[in-house]
Amino acid sequence: IFFCSLHPDPATYPTFFLGHADETGEGAGAGTKLNLLLEQGASQDDVLATLDKGIAAARAFGAEALVVSLGFDMAADDPLAAVAVYPDGFATMARKLADMGLPTVLVQEGGYLGPSLADNGRAFLTTFRKAIQ
């Protein structure tokens, strides 16, 4: 199992204690965890470029399936957002993940308060569905 997470730097954003770049797994799991840190205020382009790094790492690992935690709290208008992603950015993320051609489970987590939640969810899910058909 390989675990990759894109999230704000915990040095400046909660959780403060977990998810640092040097946490890469231990023992037999060494090297199976990748925390890709986003700076506070990262743009949509920054987030998408970071996603590309995560996808490349998953491919290099030889991933055979994906479990995707959809963190819509990356939305620009989410009150807890530390980065700025818009509906078209969520659609691009969906396309990139679908293009991996792997069996995928999508789990919505994070981002319950933003006014654009429905738009972001629709953009991601519609794009993902179309891309896998």
Side-chain angles (χ1 to χ4, degrees):
I1 296 174
F2 177 75
F3 176 83
C4 178
S5 178
L6 283 63
H7 55 267
D9 187 340
T12 60
Y13 189 84
T15 64
F16 300 120
F17 304 105
L18 300 170
H20 294 273
D22 64 349
E23 297 170 14
T24 59
E26 298 178 8
T32 62
K33 182 177 180 185
L34 177 63
N35 289 311
L36 296 172
L37 307 184
L38 299 163
E39 295 296 322
Q40 291 276 347
S43 71
Q44 180 168 288
D45 288 341
D46 296 331
V47 174
L48 293 172
T50 303
L51 176 63
D52 288 341
K53 292 177 185 177
I55 289 171
R59 284 188 171 137
F61 178 79
E64 297 176 6
L66 297 176
V67 177
V68 178
S69 290
L70 295 175
F72 291 118
D73 49 349
M74 286 188 167
D77 65 355
D78 189 280
L80 301 177
V83 300
V85 179
Y86 300 89
D88 64 310
F90 285 108
T92 300
M93 288 180 189
R95 194 172 307 105
K96 289 173 181 273
L97 292 167
D99 286 350
M100 292 181 75
L102 298 174
T104 303
V105 173
L106 302 172
V107 180
Q108 198 268 314
E109 62 82 17
Y112 305 106
L113 304 172
S116 67
L117 177 59
D119 293 336
N120 295 329
R122 188 177 306 109
F124 186 98
L125 295 170
T126 300
T127 302
F128 192 88
R129 183 184 67 224
K130 288 179 181 177
I132 62 171
Q133 291 178 341

Problem set entry | N/O donor-acceptor pair under 3.5 Å between Glu26 side chain and Ala28 backbone | no
For this session: Please examine the side chains of His20 and Asn35, heavy atoms only from C-beta on, and report whether any two atoms are closer than 4.5 Å.
Result: no
Exercise. Where do Val47 and Leu6 come nearest, in terms of heavy atoms and distance?
Worked result: O-CD2, 3.9 Å
For this session: Examine Ile132 and Ile55 and state if one hydrophobic cluster contains both, with Ile, Leu, Val, Met, Phe, Trp and Tyr joined whenever side-chain heavy atoms are less than 4.5 Å apart.
Result: yes
Problem set entry | Closest contact, heavy atoms only, Pro79 versus Leu113 | CG-CB, 3.6 Å
Exercise. Can Phe124 and Leu106 be said to form a side chain to side chain contact (heavy atoms under 4.5 Å, CB included), step by step?
Worked result: CA-CA 10 Å; Phe124 186 98; Leu106 302 172; 3.9 Å; yes
Problem set entry | Distance in Å, Asp52 CG paired with Met93 CE, rounded so as to fall on 0.5 Å steps | 10.0 Å
For this session: Answer with yes or no whether the hydrophobic clustering places Val67 together with Met74; edges join I, L, V, M, F, W, Y residues whose side-chain heavy atoms lie under 4.5 Å apart.
Result: no
Exercise. Going only through I, L, V, M, F, W and Y residues with side-chain contacts under 4.5 Å, is there a path from Phe16 to Val83?
Worked result: no
Seminar exercise, completed: Value for CZ (Phe128) from CD (Gln133), rounded to nearest 0.5 Å, stands at 11.0 Å
Problem set entry | CD/Glu39: more than 12 non-hydrogen atoms of other groups inside 6.0 Å | no
Exercise. Any link between Phe3 and Leu38 through a network of hydrophobic side chains (Ile, Leu, Val, Met, Phe, Trp, Tyr) touching at under 4.5 Å?
Worked result: no
Exercise. Say you draw a straight line from CZ of Arg122 to CG of Leu117; how long is it, rounded to the nearest 0.5 Å?
Worked result: 10.0 Å
Problem set entry | Exercise: identify the closest heavy-atom pair between Ala75 and Ala81 | O-CB, 3.0 Å
For this session: Could you tell me whether the side chain of Asp9 and the main chain of Leu37 form a donor-acceptor pair under 3.5 Å?
Result: no
Exercise. Taking the side chain from Tyr13 and the backbone from Ala11, do they hold a donor-acceptor pair closer than 3.5 Å?
Worked result: no
Seminar exercise, completed: Distance col, row Asp46:CG vs Leu48:CG, nearest 0.5 angstrom, shows 9.0 Å
Exercise. Donor-acceptor pair, Gln44 side chain versus Tyr86 backbone, under 3.5 Å?
Worked result: yes
Problem set entry | Leu97, Val105, Val107 screened by side-chain contact (heavy atoms from CB on, under 4.5 Å) with Val68, the one that passes | Leu97
For this session: Could you tell me whether Asp99 and Lys96 have a side-chain N and a carboxylate O separated by less than 4.0 Å?
Result: no
Exercise. Can you tell if the side chain of Pro10 reaches within under 4.5 Å of the side chain of Leu18, non-hydrogen atoms only?
Worked result: no
Problem set entry | Minimum heavy-atom distance Gly114-Asp78, with the two atoms named | N-OD2, 3.6 Å
Exercise. Does Ser116 offer a backbone N or O that forms a donor-acceptor pair with the side chain of Asp77 under 3.5 Å?
Worked result: yes
For this session: Measure the NE2-OG1 distance between His7 and Thr50 for me, rounded to the nearest 0.5 Å.
Result: 11.0 Å
Exercise. Atom CZ of Phe72 and atom CG of Asp119: how far apart are they, to the nearest 0.5 Å?
Worked result: 11.0 Å
